[in-house]
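Input: a single structure, listed below in structure tokens.
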There are 2 protein chains.
Amino acid sequence: MIFSAKCEYGIRAMLDLAMNPEEGPVGVRTIAERRDISEGFLEQIMGALRKGGLVESIRGSRGGYVLARSPEEISLADVVVAIDGPVSTGPCVPGSESKRCQQMNICVIQDVWVDVTDCIMTVLSTMTLASLKERQLRKRVEAPGTPLSEGKGVGWLLPG
Amino acid sequence: MIFSAKCEYGIRAMLDLAMNPEEGPVGVRTIAERRDISEGFLEQIMGALRKGGLVESIRGSRGGYVLARSPEEISLADVVVAIDGPVSTGPCVPGSESKRCQQMNICVIQDVWVDVTDCIMTVLSTMTLASLKERQLRKRVEAPGTPLSEGKGVGWLLPG
DNA sequence: TCAAAATCCAACTTAGTTAGTAGGGATACG
DNA sequence: CGTATCCCTACTAACTAAGTTGGATTTTGA
């Protein structure tokens, strides 16, 4: 698995913030309940997103998180890197700290890893919170059979 | 890290076989020494490649492994899947066994994972052992400063 | 026939990572 | 002042990765 659950939760949370811009600061508790994420775990994740400059936090009662930039300006690449760090593809690539093979300068396998990494980052960079939000809204409309009122965790699908 | 060391070793081994077609069956011991891989570990990996139909084994003394198809017909996607199994990108994708979210049919995040997976498989599918071998040979020529005689594990760079 | 060389197979180990949990501080609102 | 919130560190249980170990089976060659 390339992307951790942490990463998925981070994207869920960011998408939640993007889809509810009028709410003002949203607390971890709220997001955790709406998106079905462990609260304590999400706290850690939001910390990483804040350190990555993707969200701003408001402390104290009535505090919470808001996006630091507009959804158009936040790509999934930003989110993934803030949470998991730089995407590393193989065990033996130029930038990595791991034990590298002796023939690094003439090894073709590292080139493969680099190519794959580039491809992944390109895909993630073209996806913004804004485009994801739009896709989500469109999907909501196209899947009318979806049980909106059943159980918890579906309210967030409706835009504010 | 997306691809395990196992996977890298498997590609190294396959490339070794592709670059030395005249040797006949090549033993695990030989490949392990030439490509700097733990012998016991490589044994496991070759087993996976055999089960995946990418190599054929000859048992007994003078035995070893040979490619089951020509290098043009073996892509890195084949190798990676034989060793690591299907590439899974995120925790929540249609095919996976892991606990999926409730809104799977309308969740956009799984779409992201699918897009990334597709992109990776496309890159890996276009790379064959033959193309990799060619790249390796070209690189050998372009990097004349490379110390060919220093240490072990560089002999394999020269085609048979 | 028999020893050596090889594949084959399954169990074990060790270190690190993942996905949380727990517990307490710091800060701001009312 | 009390409550709700962010903030931070440490801990843990389960899993995975990267081998290691020990042996069984098969084939060649002397």
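All chains are named by letter (A, B, ...) in the order of the sequence lines, taking the proteins before the strands, and each is independently numbered beginning at 1.
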Using salt bridge (charged side-chain N to carboxylate O under 4.0 Å, His left out) as the criterion, list what pairs up with A:E73, not counting sequence neighbours.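 Partners of A:E73 under the salt bridge (charged side-chain N to carboxylate O under 4.0 Å, His left out) test: none.
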With sequence neighbours left out, what residues match A:E72 under salt bridge (charged side-chain N to carboxylate O under 4.0 Å, His left out)?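 Checked A:E72 against salt bridge (charged side-chain N to carboxylate O under 4.0 Å, His left out); zero matches.
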Find the distance [X]:[atom1] to [N]:[atom2] and express it as a whole number of Å.
| X | N | atom1 | atom2 | result |
| --- | --- | --- | --- | --- |
| B:E33 | C:dA6 | CD | C1' | 14 Å |
| B:I45 | D:dA17 | CD1 | P | 13 Å |
| B:R12 | D:dA18 | CZ | C1' | 13 Å |
| A:F41 | C:dT18 | CZ | C1' | 7 Å |
| B:F3 | D:dT16 | CZ | C1' | 17 Å |
| B:L17 | C:dT7 | CG | P | 11 Å |
| B:E39 | C:dA6 | CD | P | 9 Å |
| A:Y65 | C:dT27 | OH | C1' | 13 Å |

Within the structure shown, what part of the strands sits under 4.0 Å from A:G47 by heavy-atom distance: base, sugar-phosphate, or nothing?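 Contact class for A:G47: none.
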Please list residues of residues 55-63 of chain A whose heavy atoms come under 4.0 Å from any atom in DNA chain D, ordered by number; otherwise none.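 Within residues 55-63 of chain A, the residues near DNA chain D are A:S57, A:I58, A:R59, A:G60, A:S61, A:G63.
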For DNA chain D, which residues of residues 76-83 of chain A approach it to below 4.0 angstrom with any heavy atom?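 Going residue by residue through residues 76-83 of chain A, none turns out to have a heavy atom under 4.0 Å of DNA chain D.
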Output all residues satisfying side-chain contact (heavy atoms from CB on, under 4.5 Å) with B:L42, sequence neighbours left out; order by chain, then residue number.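 Partners of B:L42 under the side-chain contact (heavy atoms from CB on, under 4.5 Å) test: B:A13, B:V28, B:I31, B:A32, B:I37, B:I45, B:M46.
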Please enumerate all residues that pass side-chain contact (heavy atoms from CB on, under 4.5 Å) together with A:A48, with sequence neighbours excluded.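 Residues passing side-chain contact (heavy atoms from CB on, under 4.5 Å) with A:A48: none at all.
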Who pairs with [X] by side-chain hydrogen bond (donor to acceptor under 3.5 Å, both in side chains), at least two apart in sequence or on another chain?
| X | value |
| --- | --- |
| A:D115 | none |
| B:T30 | none |
| B:D118 | none |

Taking only the side-chain nitrogens and oxygens of B:S38, find out if one of them lies under 4.0 Å from OP1 or OP2 of D:dT20.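 For D:dT20, OP1 or OP2 has a side-chain N or O of B:S38 closer than 4.0 Å.
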Side-chain N or O of A:Y9 versus OP1/OP2 of C:dA19: is the shortest distance under 4.0 Å? no
Reading 5' to 3' through nucleotides 8-15 of chain D, protein heavy-atom contacts under 4.0 Å coded B for base, S for sugar-phosphate only, - for none: B-B-----
Salt bridge between A:D78 and A:R69, side-chain N to carboxylate O under 4.0 Å?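 Salt bridge between A:D78 and A:R69, a charged N being under 4.0 Å from a carboxylate O: yes.
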Could I get the full list of ring-ring contact (aromatic ring centres under 6.0 Å, His included) partners for A:Y65, not counting sequence neighbours? none
Taking C-beta and beyond as the side chain, do B:D111 and A:K139 meet within less than 4.5 Å on heavy atoms? yes
All pairs passing side chain to side chain donor-acceptor pair (under 3.5 Å) where residues 38-64 of chain B contributes a residue, at least two apart: B:R29-B:E39
